[in-house]
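Data block below; observations after.
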Amino acid sequence: MSMKLTTFTLMLAVISTQALAIEDCDVLGSLEADPHSVSAPVSFQEIQSDILIETCTNAIENKGDNLARFHLIRARGYLRSGSYQRAVSDITISHEMGYPAATFARATLYHFGEALPQDLTKAAELYQQAYDEGVKWAARGLSMLYEDASFKDYSLDTSKAWLQRFDGP
(Lines give C-alpha, C1' and ligand atoms only; values in the text may rest on other atoms or scores of the structure.)
Protein backbone atom coordinates (compact mmCIF):
# COMPACT_ATOMS: atom_id res chain seq x y z
CA MET A 1 0.00 0.00 0.00
CA SER A 2 2.77 2.46 0.86
CA MET A 3 4.47 1.71 -2.49
CA LYS A 4 1.28 2.75 -4.33
CA LEU A 5 0.97 5.86 -2.18
CA THR A 6 4.59 6.81 -2.85
CA THR A 7 4.17 6.34 -6.60
CA PHE A 8 0.96 8.40 -6.54
CA THR A 9 2.67 11.15 -4.52
CA LEU A 10 5.59 11.21 -6.95
CA MET A 11 3.26 11.41 -9.97
CA LEU A 12 1.31 14.23 -8.31
CA ALA A 13 4.54 16.13 -7.64
CA VAL A 14 5.64 15.80 -11.29
CA ILE A 15 2.25 16.92 -12.59
CA SER A 16 2.16 19.85 -10.13
CA THR A 17 5.66 20.94 -11.17
CA GLN A 18 4.73 20.92 -14.85
CA ALA A 19 1.54 22.87 -14.19
CA LEU A 20 3.44 25.38 -12.07
CA ALA A 21 6.04 25.98 -14.83
CA ILE A 22 3.28 26.70 -17.33
CA GLU A 23 1.42 28.86 -14.86
CA ASP A 24 4.59 30.77 -14.01
CA CYS A 25 4.85 31.99 -17.61
CA ASP A 26 1.49 33.71 -17.17
CA VAL A 27 2.26 34.96 -13.65
CA LEU A 28 5.61 36.47 -14.66
CA GLY A 29 4.53 38.29 -17.82
CA SER A 30 0.77 38.48 -18.34
CA LEU A 31 -0.31 41.32 -20.62
CA GLU A 32 -3.10 43.66 -19.50
CA ALA A 33 -4.39 44.00 -23.07
CA ASP A 34 -4.88 40.22 -23.39
CA PRO A 35 -8.56 39.28 -23.06
CA HIS A 36 -7.50 35.61 -22.69
CA SER A 37 -5.08 36.29 -19.85
CA VAL A 38 -5.36 33.92 -16.90
CA SER A 39 -3.25 35.93 -14.47
CA ALA A 40 -2.91 39.46 -13.14
CA PRO A 41 -1.07 41.75 -15.56
CA VAL A 42 2.60 42.52 -15.12
CA SER A 43 3.83 45.98 -16.08
CA PHE A 44 6.61 46.10 -18.63
CA GLN A 45 8.98 47.69 -16.12
CA GLU A 46 8.42 44.82 -13.65
CA ILE A 47 9.33 42.07 -16.13
CA GLN A 48 12.40 40.06 -15.16
CA SER A 49 13.35 39.18 -18.71
CA ASP A 50 15.76 36.27 -18.12
CA ILE A 51 13.39 34.46 -15.78
CA LEU A 52 10.37 35.14 -17.99
CA ILE A 53 12.11 33.94 -21.15
CA GLU A 54 13.33 30.74 -19.47
CA THR A 55 9.97 29.98 -17.88
CA CYS A 56 7.98 30.58 -21.07
CA THR A 57 10.49 28.59 -23.13
CA ASN A 58 9.90 25.66 -20.78
CA ALA A 59 6.14 26.11 -21.14
CA ILE A 60 6.45 26.21 -24.94
CA GLU A 61 8.60 23.06 -24.93
CA ASN A 62 5.85 21.26 -22.97
CA LYS A 63 3.61 21.86 -26.03
CA GLY A 64 0.47 22.59 -24.03
CA ASP A 65 -2.76 24.13 -25.18
CA ASN A 66 -1.61 27.70 -24.63
CA LEU A 67 1.36 27.93 -27.00
CA ALA A 68 0.18 31.12 -28.68
CA ARG A 69 -0.20 32.90 -25.33
CA PHE A 70 3.18 31.65 -24.13
CA HIS A 71 4.91 32.91 -27.29
CA LEU A 72 3.34 36.33 -26.78
CA ILE A 73 4.35 36.45 -23.12
CA ARG A 74 7.89 35.32 -23.93
CA ALA A 75 8.04 38.09 -26.54
CA ARG A 76 7.51 40.59 -23.71
CA GLY A 77 10.63 39.18 -22.04
CA TYR A 78 12.58 39.53 -25.27
CA LEU A 79 11.38 43.11 -25.72
CA ARG A 80 12.35 43.94 -22.15
CA SER A 81 15.83 42.48 -22.72
CA GLY A 82 16.27 44.35 -26.02
CA SER A 83 16.16 41.20 -28.18
CA TYR A 84 13.82 42.76 -30.73
CA GLN A 85 14.20 40.18 -33.50
CA ARG A 86 13.32 37.35 -31.13
CA ALA A 87 10.37 39.35 -29.83
CA VAL A 88 9.09 39.96 -33.36
CA SER A 89 9.49 36.26 -34.12
CA ASP A 90 7.44 35.20 -31.09
CA ILE A 91 4.76 37.84 -31.73
CA THR A 92 4.55 36.70 -35.35
CA ILE A 93 4.20 33.05 -34.32
CA SER A 94 1.47 33.91 -31.84
CA HIS A 95 -0.31 36.14 -34.38
CA GLU A 96 -0.16 33.41 -37.03
CA MET A 97 -1.69 31.01 -34.50
CA GLY A 98 -4.64 33.40 -34.34
CA TYR A 99 -4.01 34.86 -30.89
CA PRO A 100 -5.82 38.26 -30.74
CA ALA A 101 -3.48 39.92 -28.23
CA ALA A 102 -0.54 39.10 -30.54
CA THR A 103 -2.36 40.86 -33.37
CA PHE A 104 -2.60 43.87 -31.07
CA ALA A 105 1.11 43.56 -30.25
CA ARG A 106 2.01 43.53 -33.97
CA ALA A 107 -0.15 46.61 -34.46
CA THR A 108 1.77 48.48 -31.75
CA LEU A 109 5.10 47.48 -33.30
CA TYR A 110 4.00 48.91 -36.66
CA HIS A 111 2.40 51.95 -35.02
CA PHE A 112 5.44 53.05 -33.07
CA GLY A 113 8.12 51.70 -35.39
CA GLU A 114 9.73 49.64 -32.64
CA ALA A 115 11.45 46.51 -33.96
CA LEU A 116 9.54 46.85 -37.25
CA PRO A 117 9.45 49.73 -39.71
CA GLN A 118 6.63 52.12 -38.94
CA ASP A 119 3.57 51.44 -41.10
CA LEU A 120 0.49 53.27 -39.84
CA THR A 121 -1.83 51.72 -42.43
CA LYS A 122 -0.78 48.22 -41.39
CA ALA A 123 -1.11 49.24 -37.74
CA ALA A 124 -4.70 50.41 -38.35
CA GLU A 125 -5.59 47.12 -40.06
CA LEU A 126 -4.14 45.06 -37.24
CA TYR A 127 -5.70 47.20 -34.51
CA GLN A 128 -9.08 46.79 -36.20
CA GLN A 129 -8.60 43.02 -36.46
CA ALA A 130 -7.58 42.79 -32.79
CA TYR A 131 -10.55 44.91 -31.73
CA ASP A 132 -12.91 42.71 -33.75
CA GLU A 133 -11.42 39.71 -31.91
CA GLY A 134 -12.11 41.18 -28.47
CA VAL A 135 -9.00 43.19 -27.61
CA LYS A 136 -10.50 46.39 -26.19
CA TRP A 137 -7.05 48.01 -25.94
CA ALA A 138 -6.99 48.09 -29.75
CA ALA A 139 -9.61 50.85 -29.54
CA ARG A 140 -7.09 52.93 -27.57
CA GLY A 141 -4.46 52.21 -30.22
CA LEU A 142 -6.83 53.30 -32.98
CA SER A 143 -7.69 56.44 -31.04
CA MET A 144 -4.01 57.35 -30.80
CA LEU A 145 -3.49 56.52 -34.47
CA TYR A 146 -6.34 58.70 -35.72
CA GLU A 147 -5.11 61.66 -33.66
CA ASP A 148 -1.69 61.42 -35.34
CA ALA A 149 -1.53 64.10 -38.04
CA SER A 150 0.93 61.99 -40.04
CA PHE A 151 -1.66 59.21 -40.46
CA LYS A 152 -3.34 59.37 -43.89
CA ASP A 153 -6.80 58.98 -42.32
CA TYR A 154 -6.18 61.54 -39.56
CA SER A 155 -9.44 62.52 -37.88
CA LEU A 156 -9.94 63.88 -34.39
CA ASP A 157 -13.62 62.88 -34.51
CA THR A 158 -12.71 59.29 -35.34
CA SER A 159 -10.05 59.38 -32.62
CA LYS A 160 -12.64 60.46 -30.05
CA ALA A 161 -15.07 57.77 -31.23
CA TRP A 162 -12.44 55.05 -30.77
CA LEU A 163 -11.51 56.43 -27.34
CA GLN A 164 -15.15 56.15 -26.30
CA ARG A 165 -15.14 52.49 -27.37
CA PHE A 166 -12.09 51.91 -25.20
CA ASP A 167 -13.61 53.60 -22.17
CA GLY A 168 -17.00 51.97 -22.73
CA PRO A 169 -20.41 53.17 -23.93
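Keep in mind that what you see is a predicted model, and the values were worked out from it rather than measured. Scope of the values below: all heavy atoms of this structure, side chains included, with no hydrogens, waters or symmetry mates.
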Within the 4.5 Å heavy-atom criterion, are Asp153 and Thr158 side-chain neighbours or not? no

Could you list the donor-acceptor pairs under 3.5 angstrom formed by side chains in residues 39-53, with sequence neighbours left out?
residue : atom : partner : partner atom : Å
Ser43   : OG   : Glu46   : N            : 3.4

Less than 3.5 Å apart, any donor N or O on the side chain of Tyr99 or Asp34 sitting next to an acceptor on the other? yes

Has Thr92 got a side-chain atom pairing as donor or acceptor with Val88's backbone, closer than 3.5 angstrom? yes

Can you tell me if Asp148 and Ser150 form a side-chain donor-acceptor pair at under 3.5 Å? yes

Tyr78 to Asp90 - nearest heavy-atom pair and separation: CE1-OD2, 3.4 Å

Reported CE-to-CZ distance for the pair Met144 and Arg140, which is rounded to 0.5 angstrom: 5.5 Å

In short, side chain to side chain donor-acceptor pair (under 3.5 Å) pairs touching residues 111-123 with sequence neighbours left out are His111-Tyr127

Reported NE2-to-OG1 distance for the pair His95 and Thr103, which is rounded to 0.5 angstrom: 4.5 Å

Value rounded to 0.5 Å, distance of SG in Cys56 from CG in Leu67: 11.0 Å

Answer whether the closest heavy-atom distance between the side chains of Glu54 and Asn58 falls below 4.5 Å. yes

Any idea which heavy atoms bring Ser94 and Ala102 closest together, and the distance? OG-CB, 3.2 Å

Is it the case that more than 12 heavy atoms not belonging to Tyr84 sit under 6.0 Å from its OH atom? no

With rounding to the nearest 0.5 Å, note down the distance linking CD in Glu32 to OG in Ser37. 9.5 Å

Ring centres under 6.0 Å, that's the criterion: do Tyr146 and Tyr154 meet it? no

Does any non-hydrogen side-chain atom of Arg69 lie less than 4.5 Å from one of Val38? yes

Hey, are the side chains of Lys160 and Gln164 touching, using non-hydrogen atoms and a 4.5 Å cut-off? no

For Tyr110, which residues count as a ring-ring contact (aromatic ring centres under 6.0 Å, His included) partner, sequence neighbours excluded? none

Distance (rounded to the nearest 0.5 Å) between Cys25 SG and Leu72 CG: 9.0 Å

If you compare all heavy atoms of Val135 against all heavy atoms of Ala33, which two are closest, and at what distance to 0.1 Å? CG1-O, 3.4 Å

Assess the residue pair Ile73 and Asp26 against the criterion (side chain to side chain contact (heavy atoms under 4.5 Å, CB included)); give the C-alpha distance rounded to whole Å, side-chain angles, the decisive distance to 0.1 Å, and a yes or no. CA-CA 7 Å; Ile73 295 171; Asp26 291 306; 3.3 Å; yes

Classify the side-chain pair Thr57/Arg74 by whether it contains a donor and acceptor separated by less than 3.5 Å. yes

Looking only at heavy atoms, what is the nearest atom pair of Leu109 and Ala115, with distance? CD2-CB, 4.3 Å

Which value, rounded to the nearest 0.5 Å, describes the distance between Phe151 atom CZ and Ser159 atom OG? 11.0 Å

One pair to check against ring-ring contact (aromatic ring centres under 6.0 Å, His included): Phe104 and Trp137. What are the steps and the verdict? CA-CA 8 Å; Phe104 171 75; Trp137 278 83; 7.1 Å; no

Going by the angle between their ring planes, with limits at 30° and 60°, are Trp162 and Tyr131 parallel, tilted or perpendicular? perpendicular

Taking Ala105's backbone N and O only, do any of them form a donor-acceptor pair with Thr108's side chain (distance below 3.5 Å, no angle check)? yes

